[in-house]
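Working notes, structure below.
Chain letters run A, B, ... following the sequence lines, proteins first and then strands; every chain starts at 1.
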Amino acid sequence: MPDDVRQAAPKRQPNPKTSQLQQYERAMRGMRIITTLSLIVGIMAVAFALTALGVSFNALSKAGSAPVNTTVLQGYNVTGSLITPNMSLPNYPVITTNGSFGSTLYDINAPLNSSELAVINDAPDEYFEIAGQMLLNGTLNDTVGVSTSQLRTIPEFVVNGKPSVIYLGSITCMWCGENRWAMALALSRFGNFSTLFTGYSSYGDYDFPTLYWAPAEYTTAGLDLGSFYNSKYINFIAFEDTDPITQGFNLQSFTTIQQEVNATGNTVYEDAFQYILTLNDFGGTPYTIWGNYRVDGADAQVFGNSEPQNSTIPLTYMTHAEVLSQFNTPNDQFAWGEYAAADVYIAMMCKSISNTAPVCSLPAIKAIEQETGY
Amino acid sequence: MGGRFDILRKVFTSPVFVAIAILGVIGYYFLFHWLITSSNSGLFDVTVPIYLVYALVLSSGALLAVSAYVAHAELKRLRADVEVGMLSFLTPAIGGAVASCGCQFSVFASILYFLGFGVVQTTNIVLSIYSFQVPLIVAFIALNLAFMYYSLGRGVRACAVPKRRRH
């Protein structure tokens with residue numbers, strides 16, 4: 001374009017309305033971004049708030065804060081015989097073939113021999129004392145103890161003049177599998193087992209070694225009742241739900257369980273299960289009653305000599321012989337953890353029997369009672 | 001479907017919305033983990049295949065990103081329906097309540113007790129839910145994908161250029 005034409009042509013002035021529109025669009029874009037980000041933050045905040053509410057509600061509910069209080073509950077005082085199970089079940093024989101860790105049922109349902117049984121029945125009080133002191137001074141590696149959300153004070157279930165320990169669990173359940181070691185040690189302080197049996201948690205629940213109170217119907221859904229326990233201080237009433245052990249956790253419905261209990265015609269067990277129903281707070285297995293205390297879940301997380309890592313539980317890789325050897329001469333995380341877990345149950349039971357058993361005079365047990373308020 | 005695929009491509013080629021998806025995946029995995037451990041005394045005991053868990057949180061994070069994009073697009077018209085975004089957290093939350101060992105009941109049982117259900121009904125209902133863990137998680141993943149498809153459809157409409165009127 002010639003210079004003279006260029007000079008003659010008027011310069012274009014920016015349209016004020018156009019620049020205003022651009023500013024407006026920029027502002028709107030910014031607002032949209034802020035609004036969208038606020039939406040994301042809002043969604044996440046609501047998500048976590050609702051989850052926290054749910055978790056807190058769950059904890060409160062398990063502590064029995066919601067449904068029923070002890071002023072409404074009546075204790076039971078019944079007489080009758082307890083169930084003594086069969087020593088063996090022909091349809092559920094002892095398995096003598098070994099398998100790899102995580103998929104083995106070697107020796108399932110085999111009764112413990114006399115030296116193995118003695119590890120439980122004749123464990124020195126000194127071990128319980130040492131473990132109890134470790135619990136009190138916080139030097140255990142594992143979490144041991146019953147949280148307030150797990151514990152509820154209830155009237156006793158008295159049979160033949162003695163308070164009771166009631167257990168409702170499943171052979172398929174990993175927490176029951178871990179808890180039975182501590183329970184057996186605890187019960188051994190108030191009486192003894194004439195026999196216990198080799199058991200496992202289910203394949204889907206880590207297949208780790210445990211004890212059974214009685215031979216288990218390990219391939220079918222059923223209910224095994226009773227144990228070979230005797231005590232002058234307490235009763236032990238055991239309900240063990242069974243399901244195929246090679247699958248995962250399973251528990252029969254309470255309707256089915258009650259039918260199976262009632263089919264036995266044993267009034268003590270019928271009343272004990274009815275008592276569990278009356279408490280109206282079952283929140284999973286193991287579900288245990290120790291005199292005046294209902295404990296929801298296991299009282300410890302003791303799964304071996306190192307911490308569980310998501311899908312790997314160290315206890316899966318122990319044999320029964322190794323477990324009992326560690327109990328026999330405790331000097332590791334697992335053994336002290338289980339003895340301490342037993343101490344927690346012992347303290348509850350001692351309180352319920354007014355400390356009449358010799359174990360109740362152990363300083364650690366007295367201190368645990370005092371510290372926990374049992 | 002071409003329109004939906006375009007929206008999907010726009011979402012996952014935008015650094016902002018990819019960041020939102022990642023934030024969602026991390027947040028929802030943490031939420032899932034929290035629900036499992038709070039029901040299992042601190043143990044992350046997942047009894048469904050772990051790849052289903054990953055698929056669930058990934059699909060929830062993706063749904064969150066798509067919902068955010070669609071909301072962002074709809075805001076041009078000064079309206080934004082955000083309910084689908086809210087749903088993106090429900091599936092991992094409910095998944096976290098059903099995906100662990102049924103030996104320790106989750107918040108479902110507490111809610112049922114609170115609503116007045118007795119122990120027999122509560123245990124029956126909760127145990128029934130646990131017996132369908134894997135199908136439920138698969139259903140939640142499918143639900144996330146379905147809502148994503150729906151959200152993408154809304155995105156197509158929100159981004160459509162209105163036809164000019166002819167005089």
Side-chain angles (χ1 to χ4, degrees), chain A residues 28 31-33 35-37 39-40 42-44 46-48 50-52 54-55 57-62 66-67 143 147 150 169-170 172-176 204-206 248-255 258 276-286 296-298 301 303 308 310-311 313, chain B residues 16-17 20 23-24 27-28 30-31 34-35 38-47 50 64-65 67-69 71-73 75-76 80 82 85-86 88-90 92-93 96-97 101-111 113-114 116 118-124 126-128 130-131 133:
Chain A
M28 283 306 295
M31 277 200 56
R32 285 208 310 275
I33 291 170
T35 308
T36 307
L37 290 174
L39 165 69
I40 304 303
I43 289 174
M44 299 300 264
V46 168
F48 283 95
L50 286 177
T51 304
V55 168
F57 179 76
N58 197 28
L60 276 174
S61 180
K62 287 188 173 198
T143 304
S147 66
Q150 284 180 277
S170 168
T172 59
C173 160
M174 60 179 283
W175 293 100
C176 305
D205 260 18
Y206 304 100
F249 169 78
N250 206 358
L251 184 71
Q252 295 181 101
S253 71
F254 268 27
T255 308
Q258 189 169 32
I276 291 172
L277 298 182
T278 307
L279 292 175
N280 204 37
D281 63 1
F282 181 81
T285 53
D296 181 34
Q301 298 170 49
F303 289 116
N310 286 349
S311 60
I313 302 275
Chain B
V16 172
F17 293 101
I20 289 173
L23 176 74
Y28 290 150
F30 176 73
L31 192 146
W34 185 15
L35 279 163
S38 69
S39 300
N40 281 284
S41 305
L43 195 67
F44 186 58
D45 179 29
V46 175
T47 50
I50 196 67
L64 182 69
S67 304
Y69 182 90
H72 180 76
L75 277 168
K76 285 181 193 167
V82 301
M86 295 292 291
S88 69
F89 93 82
L90 274 181
C101 174
C103 41
Q104 287 292 289
F105 291 178
S106 67
V107 67
F108 286 141
S110 304
I111 292 170
Y113 282 127
F114 180 74
V119 64
V120 174
Q121 299 99 320
T122 298
T123 52
N124 290 353
V126 171
L127 290 170
S128 298
Y130 280 119
S131 66
Q133 281 178 324

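Looking at B:Leu90, there are no atoms closer than 4.5 Å to chain A (heavy atoms on both sides), in backbone or side chain. Residue contact with chain B, scored on non-hydrogen atoms closer than 4.5 Å, involves the backbone and the side chain of A:Thr255 alike. Only the side chain of B:Ile20 comes within contact range of chain A, with at least one heavy atom under 4.5 Å from a heavy atom of that chain.
Between A:Asn280 and B:Tyr113 the shortest heavy-atom distance is O-CE2, 3.4 Å. Summarising the geometry of A:Phe254 relative to B:Asn124, their closest heavy-atom pair is N-OD1, 3.3 Å, with the distance given to 0.1 Å.
Looking at A:Tyr206 and B:Asp45, their side chains come closer than 4.5 Å, going by heavy atoms from C-beta outward. Within the 4.5 Å cutoff, no side-chain heavy atoms of B:Thr47 are placed close to those of A:Phe249.
Among A:Thr143, A:Asp205, A:Asn250, A:Thr172, the residue with the largest count of heavy-atom pairs under 4.5 Å with chain B is A:Asp205. Top candidate by heavy-atom pairs under 4.5 Å with chain A, chosen from B:Thr122, B:Val120, B:Leu31, is B:Leu31.
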